[in-house]
Amino acid sequence: MTAPDRAADSIGNIVLLEHYNATVDDQRLATLFYVTALGGTRDPYLFTGLDNMWVNFGRTQVHLPSRGASPRSQLLRGTLGFVVPDLYAMRARLGFARAEMQRVAPGRALQFDAMDGPDCIDLYCPWGTRVRCHAPSDAFDGVHLGLVYIDFDVPPGTVDGIARFYTQVIGTPAQVNGRRAIVRAGLFQTLRFTEREAPLPDYDGHHFLIYLADFASPHAWLREHGLLTRDDAPHEWRFEWICDPRDGRRLFQVEHEVRSTRHPLYNRVLVNRDTALTNVNYRRGREDFDGVY
């Protein structure tokens, strides 16, 4: 009898990749893409105005603030990876979403597009961020709805140092496959870093949030090396630069919002609707999506 691989069940120090955050300049377009097309659910409890919106995907979220008189839309240097419960139903929503975007923003050159793959749909959001939606599969541990990875474009020659950073500083498993580093980010999620030859656009301030079990050790290393950018809250701190712990070389810039599991928002129950339910086929008490991981 083969002994179980106990290491396979060790997820490391990151217990949840909770959200991705990017500023947008039009809440209507954000609603049409992330809610109507992708099938997320606008959080009904927090940020219900026009300055921000949180969109729920299972246990995860996308945050889309629109603050200031002229908000500047931010663009992920990479790809957001989601699992959605029904790609066929999503395909049926895309045409309606496209027509509505053209109606609410006539004459505007939007980046929105969708391309069918054999087991996924590749999209561009209205501002040009790449998104890939997968069907549920064993590759994502049975998740039916959620943000399952962020795949960052990074400069050549950086993935080995990035893997060392997450393993040695953050304390979570990471491996290098060719020109990609894959970092465990909870039960069913990964952070991916893929080397690209094309020059990267300047970093514009988008960020993601992770929860750590060991909140203190990475904080101490980052503080010692002068890398913390915010450190004024009891259960949260932030940093931007991923550095090679071997020589301190700065490899890639993206803000990490880091929280402890004592943060009040950790493991908050998120509302998710059943997108298959309409006013035509409505059944009382069936509004909630029951396939959340």
Side-chain angles (χ1 to χ4, degrees), residues 16-21 24 26-50 52-64 66 80-105 112-126 131-149 186-189 264-293:
L16 179 66
L17 166 59
E18 186 205 61
H19 74 249
Y20 166 74
N21 181 297
V24 297
D26 193 328
Q27 294 285 322
R28 301 169 303 168
L29 295 174
T31 298
L32 287 169
F33 183 75
Y34 287 100
V35 178
T36 302
L38 268 61
T41 301
R42 179 159 187 173
D43 194 292
Y45 302 116
L46 302 177
F47 296 106
T48 59
L50 300 178
N52 197 355
M53 63 186 297
W54 289 7
V55 183
N56 300 338
F57 291 89
R59 294 181 58 202
T60 63
Q61 294 184 317
V62 176
H63 293 183
L64 302 156
S66 291
L80 295 175
F82 293 89
V83 167
V84 297
D86 189 338
L87 287 180
Y88 179 82
M90 181 179 163
R91 291 185 185 102
R93 298 192 298 265
L94 293 175
F96 174 79
R98 185 190 300 273
E100 284 294 283
M101 289 181 194
Q102 294 170 347
R103 182 183 67 83
V104 303
F112 175 71
D113 200 5
M115 296 140 285
D116 244 334
D119 56 359
C120 66
I121 299 176
D122 288 316
L123 305 103
Y124 287 91
C125 85
V131 175
R132 174 168 286 182
C133 291
H134 301 266
S137 70
D138 291 342
F140 302 107
D141 290 335
V143 174
H144 284 76
L145 180 63
L147 174 64
V148 291
Y149 63 82
L187 291 174
F188 58 89
Q189 298 163 293
L265 288 174
Y266 174 65
N267 233 6
R268 172 175 168 252
V269 177
L270 303 181
V271 174
N272 288 272
R273 64 195 171 93
D274 184 352
T275 57
L277 195 68
T278 69
N279 61 311
V280 176
N281 66 359
Y282 180 78
R283 296 293 183 272
R284 193 184 304 276
R286 297 287 298 276
E287 294 92 342
D288 294 342
F289 177 62
D290 60 6
V292 175
Y293 187 88

Are any of the side-chain heavy atoms of [X] and [Y] separated by less than 4.5 Å?
X	Y	value
Gln61	Arg268	yes
Thr41	Phe289	no
Leu270	Trp54	no
Leu32	Arg103	no
Arg59	Asn267	yes
His19	Leu265	no
Arg273	Val35	yes
Phe82	Val62	yes

If you measure from the Lys or Arg side-chain nitrogens to the Asp or Glu carboxylate oxygens, is any gap between Arg283 and Asp274 under 4.0 Å? no
Parallel, tilted or perpendicular: which fits the ring planes of Phe140 and Tyr149, with parallel below 30° and perpendicular above 60°? parallel
Go through it in stages, so that I can follow the logic: the residues are Phe47 and Met53, the test is side chain to side chain contact (heavy atoms under 4.5 Å, CB included), and I'd like the CA-CA distance, side-chain angles, deciding distance and then a yes or no. CA-CA 6 Å; Phe47 296 106; Met53 63 186 297; 5.9 Å; no
Which heavy atom of [X] sits nearest a heavy atom of [Y], and at what distance?
X	Y	result
Arg93	Thr275	NH1-OG1, 3.7 Å
Phe188	Leu147	CE1-O, 4.1 Å
Pro136	His144	CG-CD2, 3.8 Å
Val143	Val148	CG1-CG1, 4.3 Å
Cys133	Leu87	O-CD2, 3.7 Å

Just how far is it from atom [atom1] of [X] to atom [atom2] of [Y], taken to the nearest 0.5 Å?
X	Y	atom1	atom2	value
Leu187	Leu16	CG	CG	8.5 Å
Asn56	Tyr34	CG	OH	14.0 Å
Arg28	Met101	CZ	CE	11.5 Å

For atom CG of Leu50, decide whether the heavy atoms of other residues, nucleotides or ligands shown that lie under 6.0 angstrom number more than 12. no
Show me the donor-acceptor pairs within less than 3.5 Å that the side chains of residues 112-121 make with the rest of the protein, sequence neighbours left out.
residue : atom : partner : partner atom : Å
Asp116  : OD1  : Arg91   : NE           : 2.6
Asp116  : OD1  : Arg91   : NH2          : 3.2
Asp116  : OD2  : Arg91   : NE           : 3.0

